[in-house]
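The chain is numbered in sequence order, starting from 1. The figures that follow rest on heavy atoms only: side chains count, while hydrogens, waters and symmetry mates do not.
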Amino acid sequence: MPELSRRHRLLVLVICCTSLLIVSLDNTVLNVALPSIQRDLNASLAGLQWTIDAYTLVLAALLMLAGSTADRIGRKRVFMAGLVVFTIGSVLCSLAPNLESLVAFRMVQAVGGSMLNPVAMSIITNTFTDPRERARAIGVWGGVVGISMAAGPIIGGVLVDSVGWRSIFWINLPVGLAALVLTWRFVPESRAPKARRPDPVGQLLVIALLGSLTYAIIEAPTAPLGGTLAFGGIALAALLGLLWYEPRRDEPLIDLRFFRSAPFSGATVIAVSAFAALGGFLFLSTLYLQNVRGLDALHAGLWMLPMAFLCFVCAPVAGRLVGSRGPRLPLLVAGVAMTASGVLFAAFEAETSNVTVFVGYVLFGLGFGCVNAPITNTAVSGMPRAQAGVAAAVASTSRQIGQTLGVAVVGAVLAAGIGSSSYTASFVSAARPAWWIVAACGFAVLVLGALTTGAWARGTADRAAERLESPEVRDAAGVRV
């Protein structure tokens with residue numbers, strides 16, 4: 001990849017951030033529209049979960065494939081293909097005649113989305129080679145999530161109240177087309193020096209693991225016990241299959257040597273925990289504000305604005321802190337703030353007062369705004385540049401897995417607790433254990449942030465990077481060691 005001028009590098013960053021904007025905006029806008037979709041398409045609580053999780057599930061299943069494919073055939077080419085598929089999927093979602101079609105078209109969107117974020121992050125990593133400059137670029141990247149969270153509820157509320165929920169997918173069309181043209185004109189092509197071969201068996205195992213686990217969780221409150229256990233067994237078998245099969249491949253879909261780095265492993269689990277908290281928080285908040293408080297979509301969006309604003313403000317600050325002082329401080333702040341927000345709702349009934357609701361949303365926005373930059377920077381900074389696409393894809397996959405599981409688990413707990421009595425009373429009661437789950441996810445961010453950012457952890461990262469760059473070492477049985 002040729003050396004670019006500073007102005008050209010910033011333009012590439014803006015183009016890559018545009019892809020993150022439409023993918024993130026799509027999720028935040030959809031959350032505001034959930035009650036309207038529920039009424040219009042006569043959807044159950046599980047149906048609403050699938051509207052979100054069908055998208056994040058396909059993203060999680062295909063991100064690593066997209067990252068390795070981009071490293072192999074060209075990042076610009078895959079990125080442009082993703083923009084085309086995502087835009088087409090958005091058009092189909094706006095035309096969905098029923099819930100089943102909407103879920104299917106969300107999966108089409110996700111196929112395109114899987115080619116965007118990890119590939120864009122790989123382009124950024126290979127464009128900004130200076131560690132401090134790269135950390136700041138990743139901070140800007142994280143700030144786009146804050147922009148989408150700030151704009152999403154307002155844009156979604158206005159569109160849902162004035163035009164209808166179908167219009168939320170229209171906003172992807174002009175942005176997607178503009179990003180496509182700019183990518184073709186200004187983003188240079190890049191690829192890994194050595195092409196990685198596809199891993200179809202590993203890909204199928206990942207799909208089986210994530211799909212069966214999500215189905216078992218979402219359908220557990222209503223499905224027969226035998227069916228739930230069967231899908232849980234499939235998920236376990238797929239996980240064991242991955243752990244057995246992947247180390248025996250020369251070029252696996254998931255290179256398990258990455259996880260010998262404590263910071264990389266920590267960033268992966270932190271991403272799952274933080275985004276599980278986000279998925280559960282947004283799902284609970286949207287249904288509470290509109291179905292319990294009776295707010296329309298716009299006013300529900302306004303209530304979420306403090307959280308979104310803090311995400312927007314804190315993300316670039318966290319990026320600068322990571323560049324100057326490392327990831328430890330932002331992760332500790334994130335863990336404390338997200339835990340406090342969950343505890344405020346779970347133990348102190350924050351939703352009973354406007355002031356405590358406001359404080360809870362501010363705390364969560366502060367915490368989540370600080371977590372994204374250290375996750376991404378830690379995931380890619382210790383890895384060889386030749387495998388930047390795969391490393392970034394693992395980090396992005398962890399985010400989507402977290403959000404999928406957060407919505408699935410919180411929704412299942414909520415569905416199991418809502419009874420035939422007053423919806424308002426049963427919802428508030430059922431939400432208590434769900435809020436504790438959000439708090440536990442925040443506490444996991446705090447603990448892991450403290451444990452995986454010390455000197456010993458950096459030593460494991462250096463050793464893992466050396467092994468990834470060195471020739472393959474095999475034992476007598478032909479298994480990589």
Side-chain angles (χ1 to χ4, degrees), residues 56-57 59-68 114 117-118 121-122 125 138 141-142 145 202 205-206 209-210 213-214 235 238-239 242-243 246-247 252-279 318 322 326-328 330-332 334-335 338 367-368 370-384 387-406 409 440-454 456-465 467-468:
T56 55
L57 182 61
L59 272 181
L62 298 182
L63 281 170
M64 285 178 287
L65 174 64
S68 59
S114 70
N117 288 0
M121 178 50 62
S122 181
T125 302
I138 291 173
W141 168 270
V145 176
L205 288 172
V206 168
L209 168 61
L210 298 178
L213 178 61
T214 304
L239 175 61
L242 278 170
L243 295 177
E246 290 298 280
L253 177 71
I254 307 172
D255 196 330
L256 298 181
R257 293 177 301 169
F258 283 179
F259 295 95
R260 294 177 180 176
S261 163
F264 182 87
S265 298
T268 301
V269 181
I270 288 170
V272 172
S273 301
F275 278 76
L278 175 68
V322 170
R328 188 182 187 87
L331 287 176
L332 295 181
M338 294 170 72
F368 191 77
C370 289
V371 82
N372 225 8
I375 288 174
T376 306
N377 189 74
T378 303
V380 301
S381 61
M383 299 298 149
Q387 300 198 50
V390 179
V394 172
S396 296
T397 298
S398 303
R399 291 179 172 88
Q400 302 306 325
I401 291 174
Q403 194 160 352
T404 301
L405 294 179
V409 173
C441 290
F443 187 69
V445 172
L446 173 62
V447 173
L448 290 169
L451 292 177
T452 61
T453 54
W456 75 270
R458 290 191 293 273
T460 66
D462 293 339
R463 290 191 293 272
R467 293 184 68 88
L468 285 166

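- Annotation: the span from Cys441 atom SG to Leu446 atom CG amounts to 13.0 Å, rounded to 0.5 Å.
- Rounding to the nearest 0.5 Å places OG of Ser114 at 7.5 Å from CG of Leu65.
- Residues Gly202 and Glu246 come closest through the heavy atom pair CA-OE2, 3.6 Å.
- Minimum heavy-atom separation, Gly449 to Leu332: C-CD2, 4.4 Å.
- Rounded to the nearest 0.5 angstrom, Leu451 CG and Arg328 CZ are separated by 8.0 Å.
- Of all heavy-atom pairs between Leu209 and Ala235, the closest is CD1-O, 3.2 Å.
- Between Ile375 and Arg399 the shortest side-chain heavy-atom distance falls below 4.5 Å.
- Phe275 has its side chain within reach of Asn372: a pair of non-hydrogen atoms, C-beta onward, lies under 4.5 Å apart.
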For a side chain to side chain contact (heavy atoms under 4.5 Å, CB included) check, start with the C-alpha distance between Val445 and Phe368, then their side-chain angles and the critical distance, and finish with the verdict.
CA-CA 10 Å; Val445 172; Phe368 191 77; over 6 Å; no

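- Between Thr404 and the options Leu213, Thr214, Leu59, a side chain to side chain contact (heavy atoms under 4.5 Å, CB included) holds for only Thr214.
- When side chains are defined from C-beta on, Ser265 does not count as touching Thr452, because their heavy atoms never get closer than 4.5 Å.
- One finds the CG atom of Leu242 at 4.5 Å from the CG atom of Leu205 (value rounded to the nearest 0.5 Å).
- The main-chain N or O of Ala271 is never found under 3.5 Å from a side-chain atom of Ser398 such that the two would form a donor-acceptor pair.
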